[in-house]
Amino acid sequence: MNAENLFNLGSEAYDKNEYSKSLSFFLESADLGNASAMNYVGYMYSEAKGTALNYDKAFEYYMMAINNGDDNSFANIGVNFRCLGNIVEAKKWFEKAICVGDFDAALQLAKLYLVSDKETENVKKYLNLVIKEDNVCTSSKEEAQRLLSNL
């Protein structure tokens with residue numbers, strides 16, 4: 001079976017909450033070079049879906065995904081660093097995500113800057129970026145608009 005078929009089977013199993021089965025398909029697909037599968041494996045390790053929580057493995061698979069052309073992994077690494085309490089590294093990775101066109105990461109940056117009233121201009125800058133970009137999911141746009149209206 002080829003990498004794309006294995007990825008599709010992994011996605012179907014994931015959608016059914018069959019995480020162990022999904023992880024198995026994603027791992028096989030990743031072994032065949034599918035960058036999206038590598039990203040999913042990283043995500044599953046970072047969320048303990050179908051496996052034990054393992055940030056080291058998550059980082060490993062996210063980096064493999066990036067090295068194979070998957071731009072979604074930049075923001076996922078940022079999320080991992082945020083979960084680990086390393087805000088400086090999280091910001092760095094969210095900024096990298098924005099540089100490769102993942103403008104949903106701007107919402108994550110805005111939320112990091114919300115902790116201080118001194119960062120209001122940065123918050124507005126990132127929220128407006130989310131709102132104006134076309135390639136941003138609807139829920140991110142809605143959340144950005146809500147946060148901006150509350151400032």
Side-chain angles (χ1 to χ4, degrees), residues 1-119 122-123 125-127 129-131 133 135-144 146-147:
M1 196 171 294
N2 70 29
E4 186 175 337
N5 289 343
L6 288 164
F7 178 81
N8 291 336
L9 289 170
S11 295
E12 289 171 16
Y14 188 91
D15 290 343
K16 295 177 185 173
N17 298 326
E18 297 172 349
Y19 298 125
S20 294
K21 186 176 179 181
S22 175
L23 180 62
S24 178
F25 285 124
F26 285 143
L27 282 166
E28 284 186 68
S29 181
D31 286 344
L32 294 173
N34 185 304
S36 294
M38 294 170 192
N39 181 53
Y40 265 89
V41 170
Y43 177 77
M44 293 180 83
Y45 276 117
S46 68
E47 295 293 320
K49 292 193 179 236
T51 185
L53 179 69
N54 188 328
Y55 285 118
D56 291 334
K57 282 282 197 188
F59 285 122
E60 178 185 331
Y61 276 93
Y62 286 145
M63 289 307 298
M64 281 193 293
I66 288 169
N67 291 332
N68 282 280
D70 186 292
D71 292 338
N72 295 315
S73 295
F74 288 99
N76 290 342
I77 290 174
V79 170
N80 278 6
F81 276 117
R82 184 182 61 209
C83 290
L84 292 169
N86 190 335
I87 302 307
V88 172
E89 279 297 307
K91 286 179 183 178
K92 180 174 102 175
W93 284 95
F94 290 139
E95 288 167 357
K96 286 181 179 189
I98 292 168
C99 287
V100 297
D102 182 355
F103 296 104
D104 286 279
L107 177 61
Q108 301 305 319
L109 269 172
K111 288 195 247 182
L112 287 178
Y113 283 113
L114 272 172
V115 299
S116 170
D117 290 339
K118 295 177 183 177
E119 296 292 347
N122 277 326
V123 172
K125 175 180 79 172
Y126 288 117
L127 292 176
L129 183 59
V130 173
I131 291 165
E133 287 298 326
N135 194 20
V136 174
C137 69
T138 303
S139 62
S140 291
K141 283 186 181 284
E142 290 169 353
E143 185 174 359
R146 189 174 55 256
L147 290 170

Surrounding [atom1] of [X] (heavy atoms of other residues, nucleotides or ligands, distance under 6.0 Å), is the total greater than 12?
X	atom1	value
N135	CG	no
D117	CG	no
K21	NZ	no

Looking only at heavy atoms, which two atoms of [X] and [Y] are closest? And how far apart?
X	Y	answer
Y61	G42	CB-N, 3.7 Å
V130	A106	CG2-CB, 3.6 Å
A65	A35	CB-O, 3.5 Å
C137	D104	SG-OD1, 3.2 Å
V123	A110	CG2-O, 3.7 Å
L53	E47	CD1-N, 4.4 Å

What's the spacing between [X] [atom1] and [Y] [atom2] if we round to 0.5 Å?
X	Y	atom1	atom2	result
I131	L147	CD1	CG	9.0 Å
L84	F59	CG	CZ	5.5 Å
N72	I77	CG	CD1	11.5 Å
E119	K125	CD	NZ	9.5 Å
N54	Y45	CG	OH	6.5 Å
W93	Q108	CH2	CD	16.0 Å

A side-chain contact here means heavy atoms from C-beta on lying under 4.5 Å apart; do [X] and [Y] qualify?
X	Y	value
E28	L9	no
D102	F74	no
F94	V79	yes
D70	M38	no

Run the side chain to side chain contact (heavy atoms under 4.5 Å, CB included) test on I98 and Y126 for me, step by step, so that the C-alpha distance in whole Å, both residues' side-chain angles and the decisive distance to 0.1 Å come before the verdict. CA-CA 10 Å; I98 292 168; Y126 288 117; 3.9 Å; yes
Under 3.5 Å, is there a donor on one side chain and an acceptor on the other for Y62 and S46?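 There is such a pair (donor and acceptor under 3.5 Å, judged by atom type) between the side chains of Y62 and S46.
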Y14 and its ring pair (Phe, Tyr, Trp, His ring centres under 6.0 Å) partner, picked from Y19, F25, F7: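 Only match with Y14 under ring pair (Phe, Tyr, Trp, His ring centres under 6.0 Å): Y19.
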Would K91 count as a cation-pi partner of Y113, with NZ or CZ less than 6.0 Å from the six-membered ring centre and within 45° of the ring normal?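 Verdict for Y113: a cation-pi partner in K91.
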Can any side-chain N or O of K141 pair as donor or acceptor with the backbone N or O of E133 at less than 3.5 Å?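 Confirmed, K141 side chain pairs with E133 backbone.
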So, are E89 and K92 salt-bridged, with charged N and O less than 4.0 Å apart?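 Yes.
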Would L32 and N34 count as a side chain to side chain contact (heavy atoms under 4.5 Å, CB included) here? Give the steps. CA-CA 6 Å; L32 294 173; N34 185 304; 6.0 Å; no
Applying side chain to side chain contact (heavy atoms under 4.5 Å, CB included) to L109 and N122, what does each step give before you reach the verdict? CA-CA 9 Å; L109 269 172; N122 277 326; over 6 Å; no
Between F26 and S36, is a side chain to side chain contact (heavy atoms under 4.5 Å, CB included) present by the stated rule, with each step listed? CA-CA 9 Å; F26 285 143; S36 294; over 6 Å; no
